[in-house]
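Comments concern the structure below.
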Amino acid sequence: MADLTTDFLGITSPNPFWLASAPPTDKEYNVRRAFEAGWGGVVWKTLGAEGPPVVNVNGPRYGAIYGADRRLLGLNNIELITDRPLETNLEEMARVKADYPDRALIASIMVPCEEQAWKDILPRVAETNADGIELNFGCPHGMSERGMGAAVGQVPEYIEMVTRWCKQYYDKPVIVKLTPNITDVRKPALAAKNGGADAVSLINTINSITSVNLDTMSPEPSIDGKGSHGGYCGPAVKPIAMSMVSEIARHEPTRGLPISGIGGITTWRDAAEFMALGAGNVQVCTAVMTYGFKIVQEMISGLSQWMDEKGHRNTADFIGMAVPNVTDWQYLNLNYVAKAKINQDACISCGRCYAACEDTSHQAIAMSEDRTFTVIDEECVACNLCVDVCPVQGCITMEAMEPGTIDPRTGKVVEKEYANWTTHPNNPGAVAAE
Amino acid sequence: MADVMTPGLAVGRLAAEELAANFEDLHPALTPHEAVVAADRCYFCHDAPCVTVCPTDIDIPLFIRQISTGTPEAAARTIFEQNILGGMCARVCPTEDLCEGACVRELAEGKPVEIGRLQRHATDTLMARQGHPFARAESTGKRVAVIGAGPAGLACAHRLGVLGHDVVLLEAKGKAGGLNEFGIAAYKATDDIAAREVEWLMGVGGIELHTGQILGESFQLEEVAGSFDAVFLGVGLGGVNALGVTGEDLDDVVDAVRFIAHLRQSKDMSELPIGRNVVVIGGGMTAIDAAVQSKLLGAQSVTVAYRRGRDQMGASRYEQDLAASRGVNLMFNVQPKEAHADEDEYLAEIELEYTADDGTGLKGTGETVRLPADQLFSAIGQTLTLDAGLELDGRKIAVGPTGRTSREGVWAGGDCTPGDDLTVVAVAEGRDAAMDIHRALMA
C-alpha cells in the first residue's frame, strides 16, 4: 500500500492534498471539517494587517463558466482577503493546529509593502504554531489596486525584498505564491528564490470576466450594474498552471526550488500530473467549492491505487518524473511519425472526427455511405484533432509508425534516428550534423 | 356504480380522478431544466443519422443546439420550416423507429437524445407566443383546392398559403385535423393540441376551411379540378377491412378507428361505455391505441390478438411494451374464427384459431381457444374508399415523387398514397406536393 505521507519543506502531512488559501479556509469551522474529511493540510485564508478588516462587496462575488450538463469548468471571484479581525483568525489557527498536530497549517499573509508591516505580523503568526507562511503576491483584484497581491507579484524586485524580510523575521518555511498575470513566470520565481524563499506556490488566479449580461450589459459577477475583473480558477486554468509549474521546474536557475502546485486540481489524476511536473504537493480550492470537502476521499484512494499500480512507495518517488520530458519545440523528434486509427467497434458514427478534419484540418478522414469513418493515411498528419473531438474515449488513437516503413503521406521512409528542427535542412539557422 | 368487474358494457368503471390520471400526457413537456440537460447530450453529429431518417428532414442537431443556447424559438423555426405540424409530430412520431432509433447515443449507451421531447419543448415555446411565425407572400392569385384537412392536407395548405396562393380546404368531417384529431390515442394529444395546432397553422392566412364537404357526395373531383388551378388530395383511408368471420355483425363488434375517434371527441371519459373483457384484433398502432385506452377506461382484461409473430407486428416494440405496462395481454399467432353471442344475442366470446407459417403462407392450425369478450375491436387495416378514376398503385392512389397523380393538375399525399401511414410522412408528402404545385403554377 502506497504511503501518501508527504514531506514538503520539512512539513509533513498525511497526504499531499492541501486546501489553498481561499473561502474554504477562512475559519475554524471550515478547517476542522476539512481535516475531519481527510485533507492533509490547509493554507489559511489570507490575513491582513492589524486594524479594521477589509470589507467585501455585498453582492455576487463569483462568476462561472460551464461545460456540458452545467459542469463548472471555470470560476472567478472578486472576494478579498479575510474580512474577519486578525486576532480572531490567529486564535482559531492556534486552536486548530493544537488539535490537528499531524496536519499542515500554513498562514497566508498579505500586508503592505513596508518592512514594519511584515515585522509586526510575523511574530504573531509564529505564536499560532503554524507550520509556515505563504506570501500572497497573487490576488489580481481589489488588493492589487492598493499595491498588494498581484501588484507585488508582478514586480520581481518587490518579491525578493519582501521575501527577504520574511526570512529575516520568521524562522519557519516561507512559500511565495505567484501570480500568473505576468509574461514569464520564471522571473518572479527566481526573485523569490533570490529572496530566500523555501518554495513557490502557483498559480494564483487569472484576471478574468466570466460573462456579460446581455440584458443589462454588465460584466458578471455584477454589482449594481457594474463588474470588475476577478480571479479565474478551476479546471479551465489547469493547463496554464501546469505549464508554469513545469517552466520553473526545468529552468536552470530555479530548478530544485520546491513547488506547491495550484490550479484547477479536481481529481487525484490532476494532482499526480502536477506532481509529475515537479510540484511537491498540491493545493485545491475550486473543486471543494464545487463538490465539498468529501472529494479528498477520491483523491486519496485514486492516488494510492495508481501509485500501487506503478510501484511508487511514496510521493517522492514520482515527483518531477515528467520534468525531463518537458522540452522546447525545437527539440521534438521530427522523425517520429504517427497516424490516427479509428476503432470501428468503438465508433458510434457521430462523424465529428470527419467534420473537424474535413472542415478545419487535412481532409484525412473518409466517410462511406453507411457512415463508416476511416483515416486516409496519405493525408493524415497525426494532428490529434479527431482524437480530441471524438466523444468516445479511446475510440481514435494515434499509432506510431514503425521505423523503416514508408509514410504514405510523404513517401519517405520513417527514420529510426531522432532528428529535430535544429538540424533540419529547412531551418536557415540549422547546425549541420557532424 | 360500475367497477372493473361489472359484466358487459358499462360506463364509469373508474373514478373520475383515476380516469384523468390515466389519460395524462404520455410524454409530458420537459421543464426548462430538463430541456437543457437533454439538449446537452446531443453530439451535433456530422450529416446526422437522425436527420437522415426523419421523413421531413428536420435539422435536429441544429434545433437542439438552438435550445441549448437559450433560443427555443429559433429551434422551433428550424423545425417548422420543414414540418409545420412539428408540435404534433413531437408527440406522435414513433421516434424509437425514426430519429431516436438512429441517434448515435442509442448505439453508444442505449439511451438516445430525447429528440421528440426536445422538439415539443421548442414548438410549445414558440406556439405559446402571440402570432404566427411565418409571413404569407404576396398573393399570387392562384387558387388551390386541398381536399382533406388531415396532416397531409394541412401541411400542403400551409405551405401553399406561405407561398401566397389562395387555398380552399375541404374537410369531410365537422372538424379539421384528420387522424391527429380523431385517430391518435388521447394520452398522446392532450390539451386539445390537434385543434390548437390547426388554428395556429391557419394563422398564416390565405386558407379557407370548409367542413362537412365530402368528396363524391357534396362535390365531385371533376368540379374542383375544373374550377381551381390545382387540387391536392389528402383524403386518407375512409374504410376499414372486414374481419370476415361469423358474428361480425353483433352489436359489440366495432371498428377500432370509430372507437378511438369517439373517445377523442368525448369530453367526459366516464360516459364512455367499455366492456369488462375487451379483445382487439390486429397488430398495428390502431390496435395498440384501442387496447391501451380500453384498459385506461377500466376494462378488467384487454387482449390484443395478432395473427402473426411479434416481429411482424406493425406496432413498434416500444408500443408493445407500453401496452404490456398498462396491463394489456398480447397474443401472437392467433386469428379470429368466430364471435359467439350469449342467449340474449350479446357478444360473449371470441374464438381464436392458432396460426403457423410453414413457408407456404400463414394458415390456421385448427386448434382454437376461446376468450371471454363483451366488446371486440377490429383493427386490421383501413382502405381507400375514394373512386375518382385515378390510377392506383395497389390499393392506394398512384403518385410520382412529388405527389402528382395520373390526372393533370391533381396531386395527392398522406395515407391515401403509398408509403408508411405516419403523420410525419403525410406532412412531408403534403409539403413536397405544395412545392411542386407552386412550381407548376408559377412556371
Side-chain angles (χ1 to χ4, degrees), chain A residues 63-74 210-217 220 235 340 342-376 385-396, chain B residues 30-54 57-75 78 95-115 117-118 121 129:
Chain A
I65 65 158
Y66 300 100
D69 213 7
R70 211 172 152 87
R71 184 168 289 241
L72 192 144
L73 296 183
T210 48
S211 57
V212 173
N213 183 319
L214 293 177
D215 295 323
T216 64
M217 285 295 159
E220 302 279 5
I342 301 173
N343 176 351
Q344 299 300 339
D345 293 335
C347 177
I348 58 170
S349 296
C350 68
R352 276 167 47 159
C353 59
Y354 177 84
C357 192
E358 190 69 13
D359 287 1
T360 70
S361 290
H362 296 80
Q363 295 76 48
I365 294 179
M367 174 180 173
S368 72
E369 278 289 307
D370 69 345
R371 300 186 69 81
T372 301
F373 297 90
T374 43
V375 175
I376 305 164
L385 182 62
C386 54
V387 174
D388 295 334
V389 302
C390 177
V392 180
Q393 198 176 357
C395 175
I396 309 180
Chain B
L30 292 170
T31 65
H33 167 70
E34 288 174 319
V36 168
V37 172
D40 255 354
R41 295 189 66 240
C42 175
Y43 282 148
F44 204 75
C45 294
H46 171 77
D47 191 13
C50 52
V51 182
T52 308
V53 299
C54 175
D57 295 303
I58 294 171
D59 191 338
I60 295 162
L62 177 61
F63 94 66
I64 294 179
R65 188 176 166 86
Q66 288 167 320
I67 290 173
S68 69
T69 56
T71 53
E73 296 84 357
T78 300
T95 52
E96 62 280 5
D97 290 338
L98 297 172
C99 51
E100 292 180 16
C103 178
V104 300
R105 301 205 73 159
E106 169 65 28
L107 182 64
E109 298 124 37
K111 263 187 86 173
V113 174
E114 288 186 281
I115 299 168
R117 293 179 80 196
L118 284 166
H121 175 74
R129 290 202 158 192

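In what follows, chains are A, B, ... by sequence order, proteins preceding strands, each numbered from 1.
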Exercise. Looking only at heavy atoms, what is the nearest atom pair of B:Phe63 and B:Ile115, with distance?
Worked result: CZ-O, 4.0 Å
Exercise. Salt bridge (charged side-chain N to carboxylate O under 4.0 Å, His left out) with A:Arg71: which residues, sequence neighbours excluded?
Worked result: none
For this session: Considering only heavy atoms, give the residues of residues 31-44 of chain B separated from chain A by less than 4.5 Å, sorted numerically, with 'none' for an empty result.
Result: B:Val37, B:Asp40, B:Tyr43, B:Phe44
Exercise. What is the minimum heavy-atom distance between B:Gln66 and B:Ala74, and which atoms define it?
Worked result: OE1-O, 3.4 Å
Exercise. So what's closer than 4.5 Å to chain A heavy atoms on B:Pro61: side chain, backbone, both or neither?
Worked result: neither
Problem set entry | Residues in residues 348-364 of chain A near chain B [non-hydrogen atoms, under 4.5 Å] | A:Ile348, A:Ser349, A:Cys350, A:Gly351, A:Arg352, A:Tyr354, A:Ala355
Problem set entry | salt bridge (charged side-chain N to carboxylate O under 4.0 Å, His left out) partners of B:Glu100, counting only residues at least two apart | none
For this session: Measure from the side-chain N and O atoms of B:Thr71 to the backbone N and O of B:Ile67, and report whether any donor-acceptor pair falls under 3.5 Å.
Result: no
Problem set entry | Side-chain donor/acceptor of B:Glu109 to backbone N/O of B:Val104, under 3.5 Å | no
For this session: Could you grab the distance from atom CG of A:Leu385 to atom CD1 of A:Ile396, nearest 0.5 Å is fine?
Result: 9.5 Å
Exercise. About how many Å separate CD of A:Glu220 and OG1 of A:Thr210, when rounded to the nearest 0.5 Å?
Worked result: 6.5 Å
Exercise. So which heavy atom on A:Val392 is nearest to which on A:Ala346, and how close?
Worked result: CG1-O, 4.0 Å
Problem set entry | Validation row: B:Cys103, B:Cys50 side chains within 4.5 angstrom (heavy atoms) | no
